[in-house]
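Working notes, beginning with the structure itself.
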Amino acid sequence: MIELSPSRAYSIFLNYCDEVAGSSYLLSARAIKNLLKFVASTPCLTAYLAKCNSSIKLNETYNSIFGENSLNLPVDDMAVVSVVTKLLFDIDRNNIDMDKFLSAYYKYDDYTARYSHFCNTVLVTYAKAFGGVVDYKERVIDAEEEKKIDNTIKEEVAPYISKMTHIVEDDELISDSLKDNIITLLDGLYYSFDTQRAKLVRAMWIGLISVADKYKPIQSYIKEVKKILDTYALI
């Protein structure tokens with residue numbers, strides 16, 4: 001899987017769309033496959049796609065786009081992302097015959113013109129819709145990260161942080177560097193609640209579980225803290 005920021009992932013996604021649009025009809029299968037492989041191997045894009053799919057009755061909405069003489073894409077961005085991704089997968093897997101599909105919906109004299117019109121309509125709409133979904137989801141995430149943190153969260157977490165700190169401080173079997181790192185991150189997690197920034201809390205938590213991953217004496221307390229942070233949707 002490719003770990004990319006949403007903005008970077010979308011930028012690369014557009015490059016793959018450009019490759020599909022710039023490809024000749026005869027070579028389009030490879031370009032479509034590359035686009036789909038990128039979406040499928042990029043966690044943030046697959047997460048967005050899953051959200052889009054769950055927002056509609058996918059099969060019903062998908063079947064409705066195939067009109068008698070025209071392809072009727074939905075208006076909603078999330079629905080567009082879902083149905084066009086499914087359409088491209090069906091083309092890639094030969095569930096849809098590309099020649100017959102283009103002949104049915106694009107009344108031009110040759111396949112090059114038909115394919116070009118497909119790209120200028122369906123693919124362009126798809127690219128814009130995916131951009132709309134990424135932008136919307138990122139704005140939601142930003143808003144969540146700026147939300148005020150309830151003071152009761154710190155009160156719930158504090159006893160576990162205190163217990164873990166004492167365990168680490170009293171342990172003579174671990175290295176001084178590991179001891180210092182864990183205690184620093186425990187302090188950082190404790191005081192991050194005072195900043196009222198969910199993003200900082202999340203960063204401290206990720207640092208803590210990464211450094212203390214193999215330190216068994218505090219794992220039961222880490223699990224309890226994880227439950228609390230999960231409950232408040234902070235991680």
Side-chain angles (χ1 to χ4, degrees), residues 1-140:
M1 301 290 274
I2 304 172
E3 293 289 351
L4 297 170
S5 69
S7 59
R8 178 59 179 155
Y10 180 62
S11 177
I12 297 174
F13 168 84
L14 289 179
N15 290 338
Y16 278 105
C17 287
D18 286 342
E19 287 183 15
V20 174
S23 174
S24 68
Y25 170 64
L26 293 176
L27 299 177
S28 62
R30 172 56 59 184
I32 291 173
K33 185 179 293 291
N34 289 340
L35 169 62
L36 293 173
K37 284 176 66 176
F38 177 71
V39 172
S41 63
T42 306
C44 63
L45 297 186
T46 55
Y48 292 149
L49 179 59
K51 288 288 187 182
C52 291
N53 289 345
S54 65
S55 72
I56 60 172
K57 295 180 179 178
L58 180 54
N59 289 333
E60 182 180 319
T61 305
Y62 178 64
N63 291 334
S64 71
I65 73 172
F66 299 100
E68 186 174 345
N69 298 305
S70 63
L71 203 64
N72 306 310
L73 294 182
V75 175
D76 179 71
D77 281 348
M78 295 180 76
V80 170
V81 169
S82 291
V83 299
V84 176
T85 301
K86 182 169 172 55
L87 173 64
L88 293 175
F89 269 114
D90 275 347
I91 290 171
D92 179 58
R93 294 166 178 165
N94 295 316
N95 294 331
I96 288 179
D97 184 289
M98 188 64 154
D99 290 349
K100 293 180 180 178
F101 170 75
L102 292 177
S103 297
Y105 294 109
Y106 303 98
K107 307 302 182 183
Y108 294 89
D109 293 334
D110 60 78
Y111 283 108
T112 297
R114 293 169 188 168
Y115 177 71
S116 178
H117 194 62
F118 165 75
C119 292
N120 290 335
T121 54
V122 174
L123 192 67
V124 168
T125 302
Y126 178 56
K128 289 181 179 178
F130 224 131
V133 169
V134 171
D135 180 62
Y136 171 73
K137 291 297 182 184
E138 286 309 286
R139 282 189 280 110
V140 169

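Nothing fancy with the numbering, it's 1 onward along the sequence.
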Of all heavy-atom pairs between Ala9 and Phe38, which one has the smallest distance, and what is that distance? O-CE2, 3.4 Å

Rounded to the nearest 0.5 Å, how far apart are CG of Asp92 and NZ of Lys37? 10.0 Å

Measuring from Leu71:CG to Thr125:OG1, what's the distance to the nearest 0.5 Å? 10.0 Å

Close side-chain approach of Leu87 to Val83, heavy-atom, < 4.5 Å: no

Would you check if there is a donor-acceptor pair between the side chains of Tyr126 and Thr85 at a distance under 3.5 Å? yes

Report the distance from atom OG of Ser64 to atom CG of Asn59, rounding to the nearest 0.5 Å. 11.0 Å

Are Pro6 and Tyr48 packed together at the side-chain level, in the sense that at least one heavy-atom pair is separated by less than 4.5 angstrom? yes

Report yes if some heavy atom in the side chain of Tyr115 is under 4.5 Å from a heavy atom in the side chain of Tyr106; otherwise report no. no

How close do Lys86 and Tyr62 get, heavy atom to heavy atom, and via which atoms? CE-CD2, 3.2 Å

Just wondering, do Thr61 and Pro74 contact through their side chains at under 4.5 Å, heavy atoms? yes

Gly132 to Asp77 - nearest heavy-atom pair and separation: CA-OD2, 3.7 Å

Rounding to 0.5 Å, atoms CG (Leu102) and OG (Ser28) come to a distance of 8.0 Å

Are there more than 12 heavy atoms of other residues, nucleotides or ligands under 6.0 Å from atom CG of Asp109? no

To the nearest 0.5 Å, what is the distance between CG (Asp110) and OG (Ser116)? 9.5 Å

When you compare the side chain of Phe66 with that of Phe101, does any pair of heavy atoms fall below 4.5 Å? yes

Any side-chain heavy atom of Thr121 sitting closer than 4.5 Å to one from Tyr105? no

How long is the gap from CZ on Phe118 to CE on Met98, to the nearest 0.5 Å? 5.0 Å

Compare every heavy atom of Met78 with every heavy atom of Cys52, then report the nearest pair and how far apart it is. CB-O, 3.4 Å

Please give me the minimum heavy-atom distance between Val39 and Thr46, naming the atom from each residue. O-CG2, 2.9 Å

Below 4.5 Å, heavy atoms only, C-beta onward: do Val84 and Leu88 meet side chain to side chain? yes

Any chance NZ of Lys107 has more than 12 other-residue heavy atoms, nucleotides or ligands included, within less than 6.0 Å? yes

Between Phe13 and Val134, is there a side-chain heavy-atom distance shorter than 4.5 Å? no

Taking all atoms of both residues into account, what is the closest heavy-atom pair of Ile56 and Ser82, and its distance? CD1-CB, 3.7 Å

